[in-house]
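Residue numbers start at 1 and run along the sequence shown. These numbers come from a predicted model, not from an experiment.
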Amino acid sequence: WSSGQRRFTGHEVVVLSQVLASPLTVGFTDYYNMALRTFNGREPRNLENLVSMVDACKDEFTTFDLEQEHQIVLPRKLAKEKTPDILEENMVPYDRSVHYRSQ
């Protein structure tokens, strides 16, 4: 991604813009504007692919490997359970943009 070239058709760099504050994300809220390298060991092709990967995940933990060797690991079931509360506390109406809500 750092070369500025797409590696294949549909390739997009996925950037973590912000981690929403909550007891679940303590220690991760300083991570912002970082490129995502892998999700649970697999490189997402683009944002749409990442959304599908997260939605289909059945692993115990979700692991986001970011640039600069940073990593965010969350317990999947707890993160899914707490998402509505985290969104409300941070005044975010939806967990994804309208383009990805129908998936």
Side-chain angles (χ1 to χ4, degrees):
W1 67 269
S2 62
S3 68
Q5 302 279 332
R6 288 185 183 209
R7 295 195 335 245
F8 48 84
T9 301
H11 177 240
E12 297 174 345
V13 175
V14 177
V15 176
L16 170 76
S17 60
Q18 179 182 7
V19 176
L20 298 178
S22 81
L24 185 66
T25 61
V26 169
F28 300 131
T29 55
D30 289 339
Y31 298 166
Y32 56 91
N33 297 333
M34 293 183 157
L36 175 69
R37 301 277 190 214
T38 64
F39 171 74
N40 283 7
R42 294 179 39 222
E43 183 180 353
R45 295 185 302 271
N46 50 46
L47 185 57
E48 183 175 15
N49 179 233
L50 175 63
V51 169
S52 295
M53 292 167 69
V54 171
D55 286 348
C57 181
K58 302 294 183 213
D59 296 346
E60 183 177 359
F61 294 96
T62 56
T63 303
F64 299 85
D65 289 305
L66 308 170
E67 64 184 335
Q68 301 174 11
E69 307 300 321
H70 294 294
Q71 188 178 67
I72 296 173
V73 180
L74 301 171
R76 181 187 57 83
K77 287 181 181 179
L78 184 60
K80 187 170 182 153
E81 175 188 315
K82 296 294 183 183
T83 293
D85 295 333
I86 294 168
L87 292 172
E88 184 177 343
E89 290 166 7
N90 287 274
M91 296 184 287
V92 177
Y94 298 100
D95 70 337
R96 62 192 74 188
S97 66
V98 67
H99 180 73
Y100 301 110
R101 281 187 222 146
S102 62
Q103 296 185 15

Is the shortest heavy-atom distance from the side chain of [X] to the side chain of [Y] under 4.5 Å?
{"X": "Leu36", "Y": "Val15", "value": "no"}
{"X": "Pro44", "Y": "Met53", "value": "yes"}
{"X": "Leu66", "Y": "Arg37", "value": "no"}

Enter the distance from [X]:[atom1] to [Y]:[atom2] here, rounded to the nearest 0.5 Å.
{"X": "Met34", "Y": "Glu67", "atom1": "CE", "atom2": "CD", "value": "6.0 Å"}
{"X": "Asn49", "Y": "Glu43", "atom1": "CG", "atom2": "CD", "value": "9.5 Å"}
{"X": "His11", "Y": "Asn46", "atom1": "NE2", "atom2": "CG", "value": "8.5 Å"}
{"X": "Ser17", "Y": "Tyr31", "atom1": "OG", "atom2": "OH", "value": "16.0 Å"}
{"X": "Lys80", "Y": "Leu74", "atom1": "NZ", "atom2": "CG", "value": "14.0 Å"}
{"X": "Thr29", "Y": "Leu20", "atom1": "OG1", "atom2": "CG", "value": "10.0 Å"}

Between Arg96 and Val51, is there a donor-acceptor pair closer than 3.5 Å when you use the side chain of the first and the backbone of the second?
no
Given 3.5 Å as the limit, does a donor-acceptor pair link the side chain of Thr62 with the main chain of Arg76, or not? no
Q | Within 6.0 Å of OH in Tyr32, more than 12 heavy atoms from elsewhere | A |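 Result for OH/Tyr32: open.
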Counting neighbours of CZ on Arg45 that are heavy atoms of other residues, nucleotides or ligands and sit closer than 6.0 Å, is the number greater than 12?
no
(message) Let me check something: do Val54 and Phe61 share a hydrophobic cluster, defined by ILVMFWY side-chain heavy atoms less than 4.5 Å apart, either directly or through other members?
(response) no
Residue set satisfying side-chain contact (heavy atoms from CB on, under 4.5 Å) with Ser97, at least two apart, ordered chain then number -> His99, Tyr100
side-chain hydrogen bond (donor to acceptor under 3.5 Å, both in side chains) with [X]: which residues, sequence neighbours excluded?
{"X": "Asn40", "value": "Asp59"}
{"X": "Thr38", "value": "Asp65"}
{"X": "Gln18", "value": "none"}

Side-chain donor-acceptor distances from residues 84-95 under 3.5 Å, at least two apart:
unit_1 : atom_1 : unit_2 : atom_2 : d
Asn90  : ND2    : Ala21  : O      : 3.0
Asn90  : ND2    : Ile86  : O      : 2.9

For Val98, the other hydrophobic cluster members (4.5 Å side-chain criterion, sorted by chain and number) are none
Evaluate Phe39 against Thr63 for side-chain contact (heavy atoms from CB on, under 4.5 Å), listing each step before the verdict. CA-CA 6 Å; Phe39 171 74; Thr63 303; over 6 Å; no
